[in-house]
Amino acid sequence: MRNSVNRPPTPDAVEHQEKEPTLQEIINIKLIESGEKERLMELLRERLVECGWKDDMKALCRAFVKKKGRSNVTVDDLVHVITPKGRASIPDSVKAELLQRIRAFLVQAAI
Amino acid sequence: MASNLNQHHHHHHHPRINGQISPPPCPHLADFLSRNGSKPFLALQDCLRSKPPGGRAAIRRDPSEVPRCVSCGDSSRPRLYACVACAAVSCHAAPSPSSSHAAAHAASYPGHEIAVDVDRAELFCCACRDQVYDRDFDAAVVLFLSTSSTTSSSSLVPASKPENLRKRRRVDYCPWSPDIQERILVGNGSSRLDCESDQKPWGLRGLNNLGNTCFMSSVLQALLHTPPLRNYFLSDRHNRYYCQQKNAKNDNNNARLCLACDMDAMFSAVFSVGHAPYSPAKFLYSWWQYSANWASYDQQDAHEFFISMLDGIHEKVAEKDRCKSHSQGHGDCCIAHRVFSGILRSDVMCMACGFTSTTYDPCVDISLDLEPHQGVSGKAGPAKNHHSCNGNTDSKSSSESCGISSLIGCLDRFTRPERLGADQKFFCQQCQVRQESLKQMSIRKLPLVSCFHIKRFEHSPIRKMSRKVDRYLQFPFSLDMTPYLSSSILRGRFGNRIFPFDGDDADGSNEMSSEFELFAVVTHTGKLDCGHYVTYLRLSNQWYKCDDSWITQVNENTVRAAQGYMMFYVQKMLYYKVSEKQVS
Ligand SMILES: [Zn+2]
Ligand SMILES: [Zn+2]
Ligand SMILES: [Zn+2]
Ligand SMILES: [Zn+2]
Ligand SMILES: [Zn+2]
Ligand SMILES: [Zn+2]
């Protein structure tokens, strides 16, 4: 990847990067750099399996693929159809636990 | 591995994903490969990272890189893709083309359609908006995740894989199909089912209690109606007259003792006309003789009896058939193991470096701990309890409030990665010191019949005390074992990859054979010492209660409410064959 050919002209949008980062950006970067984001993701995955959310989503995906036909569905179709349902059905307890963890991280990271 | 990475011709061979034939590559990937080969994918190898060690694969140019979209500068978008042709990172969202800088990038630069998901290390075509697969790339990711050292047992072709397992794969279970003569015999035999005047299924009869022998009868009832075992004996594959005659020749004192012969006699008697209870006295006598020199055996335990009985059949039959090895790992050594033997896989991963050591062990059943008491803390709560709660996943504590243990929950816990404490450090070959580790069990090979043993009896050898745990455990009538297979567990760890994981069958028959149907439940009621064993049998989709010599038809709710001690599940394919009444 480093020694790739055909690098296209640098998009002008790169300037965006120079602008003042938002608080959300800063938090996100801190989370990534500290490895906390990966831990949170792992926790989230675990919780979503435990509460059956993953199975429910799997069932929705299967149903959708069955309806559309196996070769007529792309990953994006699935993401588009399932995401709203998925977001809506995450248990509040899981959201609360994650928020709690992020708060604790912010306090400790003194942001 | 190097040779593997160069097999470009594979791309056109419609490779399989998860055992299923994958569609040919999209035109963009095909075009990309024809112009560049797999070189750009191989270059990505240097960018593979996993954080923490043993974690998921990600793509980063340097370990501390925070990837962000070159167009909008956003680093928090859930989907970021790095173009395989030019390394530009772009964000992507599903619905409209305008919300995807990755799609815009692909549209403005022909040949830049293929990208890699930076957080999943999976390939994506930004024009087709679909996942694509490349064998070499996937091989590189799996190799990277398996271990950073090439000397270890790779998770794909474990170096530690015992010789007998390799043999085992070549001689997989092949179903017996009757020739014409046998078919006539089978036909004659099954007509009996049709001409039964009462509705009792063939072979269903009580077993007389010979004095505290319900622990034995309960297991025998399950075995008598274990489809592949029953088919074996009823098709005369172990003929007791022939076996004894053969034994008489080798004048070995012990030779006359053959538990399979006694099984043969019992099958003949039980599956003959009539429904009068049968007395397994001869069998009890033989088994008692066999187990007399078996010191650590617990007289009253149905599970101990089950294990010792399978051992007994194995020992005698394998010995007579001059099986080279006595090990049950083959699965082909004797009828007991051909029916009940599966293979467990255990991975122990070093938490410091990610090095994984894999071992395989044959097993005839799976012993499961009852889940610890729940409802106190959601954190320790078991998985997927919503199965039992009518799927109200939104409510905060669906799993806590109903708090019912389930077989599914036990299996989830059985296959969940478990952190081994500081007191059980394992010696990591790569670090060359003892390290903390993560252990995960999975099922490499499912047996034809899966027996689950619930550890209801807690023995404490130190205090010379035992106690029984009376707790309800929910068990399903139909069970899909797919999530517990090594292939599924590895897929969870490695992501979506193109080639088969451990245990994935090339013909995709795995999916079929991982569906099981419950056909027998051995239950225990009462106290540890003065308890009673009863078996529920499911024959032609009707449940029967076998309580020593008494057989009664029962409602399935009675079975669901029973306190299961051993559950017997048979592969669905075999179950339906037995339950279908022959239509002539
Ligand atoms: Zn963007
Ligand atoms: Zn590009
Ligand atoms: Zn494409
Ligand atoms: Zn014999
Ligand atoms: Zn055997
Ligand atoms: Zn290590």
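Just so we're on the same page: letters track the sequence lines, and every chain starts at 1.
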Interchain contact, A:Glu33 with chain B, by part (heavy-atom threshold 4.5 Å)
both

So for A:Val94, is it side chain, backbone, both, or neither that comes closer than 4.5 Å to the heavy atoms of chain B?
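Neither part.
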
Would you call A:Glu42 and A:Arg45 a salt bridge, taking side-chain N to carboxylate O under 4.0 Å as the test?
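Looking at A:Glu42 and A:Arg45, the cut-off is met.
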
Ionic contact status for B:Asp119 with B:Arg60, cut-off 4.0 Å:
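Between B:Asp119 and B:Arg60 there is a salt bridge, with a charged N closer than 4.0 Å to a carboxylate O.
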
Please state whether the side chain, the backbone, both or neither of B:Cys128 comes within less than 4.5 Å of a heavy atom of chain A.
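Backbone only.
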
Under the criterion ring-ring contact (aromatic ring centres under 6.0 Å, His included), I'd like the reasoning laid out for B:Phe144 against B:Phe494: C-alpha separation, chi angles, the key distance, then a yes or no.
CA-CA 10 Å; B:Phe144 167 79; B:Phe494 293 144; over 10 Å; no

Going from CD1 on A:Ile90 to CG on A:Leu98, what distance comes out if it is rounded to the nearest 0.5 angstrom?
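The CD1 atom of A:Ile90 sits 9.0 Å away from the CG atom of A:Leu98.
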
